[in-house]
Amino acid sequence: MAAVSMTVNGHSVTADIDPRTLLVQFIRDNQRLTGTHVGCDTSQCGACVVHVDGKAVKSCTMLALQCDGANVTTIEGLATGGVLHPMQEAFREHHGLQCGFCTPGMIMSAVDIVNRKGNNLDEHTIREELEGNICRCTGYHNIVKAVEAGAKAMAGSGMKHAAE
Amino acid sequence: MYAFTYHRPETVRQAAGLLSRKDDAKLLAGGQTLLPTMKQRLASPGNVVDLGKVAEMKGIERKGRAVVIGAMTTHAEVAGSPVVQEAIPGLAALAGNIGDPHVRNRGTIGGSVANNDPAADYPAACLAMGATIITNKRKIAADDFFQGMFDTALEEGEIITKISFPMPGKAAYMKFPNPASRYALVGVCVAKRGSEVRVAVTGAGASGVFRWAEAEAALAKRFSSKSLEGVKAKAAGLNADIHADAEYRAHLIGVMARRAVDAAVGK
């Protein structure tokens, strides 16, 4: 066993874990934050995307121990005071989901895209940047619309870096 | 994943010590290859030495006519570096097209080069640009470093600390990504420095990255994609699998090389 400490959605957490614990296992099983999903478990689908020190990563392809001292934000960390984050709201408004399994990863990736590329995103950029997120329901059309609208809404709400 | 003991050194010296003292130890860089491999139980090191806190292995600096990149520098950092973008824009573009954004936030140049995946992008850049692989023990020319599929000149206990890229006059990398995995089905890097032209091919060779001598000779006469018309890569020694046969890969080498030259001259 090994000790690990990190900040998850603003809370300091410490645990004694098996070194082979993946970050996604730590988030789901240890922290009981089950919004982060395991889809493929082979670093392809992006359902497990979270932010580590402000950068989007696939939490199935990182050891929890590699996050020692890090600041982790999951989908549960986006909404504040019961109000959805603008990107979450945009996914709801534009129906950017069907079954919803990929949605947490899509939204965490989308917020990361806005953090890196700004609030005015064209369709080509969004589709290219969503390379690492797979949706098996929708064909991406409404997801792309949601990301575009969510990006603009983030500018209006002054929440450019809301996830961190 | 099988159980292992985890180590987190803070200097290259500590990491090298752990690597030599501990049985069956493996270095963990960005983990974008090693961790999936361990999850599939294709690798089961008894000791994992995480290089994530080794500060001296990070960073990018311009040293005279070279760009020196720390082994633990991520693909996203290379792609976004103003130093690399200005000095070797083709290298920044290559890094910005590896995997997906999340992989680029974790994967490192040192990990990619040390692994020498036959479909990885960085080995082509190292070979074409005549990079020097700097380890805790010595400096190795890229020509001597890549020795076959997943095989390199690295010895037991040797750690890549930096990679130095001499600035080419012109350079670019073009790849045809596998539509599913996005790994290079064929990737070609061309670099012109002074009168020397080097062309390196990844993804295609059965023994990993290699230089394409015929294209280099043709481009040395005149650095234009027109020089490559009629220069055909040989199918012998190329990979053939469910994704593409050797003849198709040979064809793609020519196409990617011409596109890379066009990109390098700004067409």
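All of these numbers come straight from a predicted model, not from anything done at the bench. Chain letters run A, B, ... following the sequence lines, proteins first, then strands; residues in each count from 1.
Scored by the side-chain contact (heavy atoms from CB on, under 4.5 Å) test, B/Asp262 finds B/Ser225, B/Lys267 as partners (sequence neighbours excluded).
Using a 4.5 Å cut-off between non-hydrogen atoms, the part of residues 60-69 of chain A that approaches chain B consists of A/Cys60, A/Thr61, A/Met62, A/Leu63, A/Leu65, A/Gln66, A/Asp68. Of residues 7-14 of chain A, no residue lies under 4.5 Å from chain B by any heavy-atom pair. Residues of residues 106-124 of chain B lying under 4.5 angstrom from chain A, judged on non-hydrogen atoms, are B/Arg106 by number.
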Criterion side-chain contact (heavy atoms from CB on, under 4.5 Å) on A/Lys55 and B/Thr74, from CA distance to verdict: CA-CA 12 Å; A/Lys55 288 177 178 151; B/Thr74 65; 5.7 Å; no
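The environment of B/Glu86 atom CD is sparse: at most 12 non-hydrogen atoms of other residues, nucleotides or ligands sit within 6.0 angstrom. Residue B/Glu61 places its CD atom among more than 12 non-hydrogen atoms of other residues, nucleotides or ligands, all under 6.0 Å distant. Counting non-hydrogen atoms of other residues, nucleotides and ligands closer than 6.0 Å to CZ of B/Arg259 gives a total of 12 or fewer. A 6.0 Å sphere centred on CG of A/Asp16 holds more than 12 heavy atoms belonging to other residues, nucleotides or ligands. Counted within 6.0 Å of NZ on B/Lys39, heavy atoms from surrounding residues, nucleotides or ligands total more than 12; the atom is thus considered enclosed. For A/Arg127, the CZ atom is densely surrounded, since the number of other residues' heavy atoms within 6.0 Å is greater than 12.
The most heavy-atom pairs under 4.5 Å with chain A, out of B/Pro36, B/Pro101, B/Gly31, B/Gly30, come from B/Pro101. The candidate with the highest count of non-hydrogen atom pairs below 4.5 Å against chain A, out of B/Val48, B/Leu34, B/Asp100, B/Val103, is B/Asp100. Between chain B and the residues A/Asp18, A/Thr42, A/Ile113, A/Asp41, the largest count of heavy-atom pairs under 4.5 Å involves A/Asp41.
If you measure heavy-atom distances from B/Leu28 to chain A, the contacts under 4.5 Å come from the side chain alone. With a threshold of 4.5 angstrom between heavy atoms, A/Val57 approaches chain B through its backbone and through its side chain.
Between the OH atom in B/Tyr2 and the CZ atom in A/Arg20 there is a gap of 10.0 Å [rounded to 0.5 Å]. With values rounded to the nearest 0.5 angstrom, A/Ser109 atom OG is found 2.5 Å from B/His102 atom NE2.
Judged by distance alone, with hydrogens and angles left aside, the side-chain atoms of B/Asn105 form a donor-acceptor pair with the main-chain N or O of A/Ala56 at under 3.5 Å.
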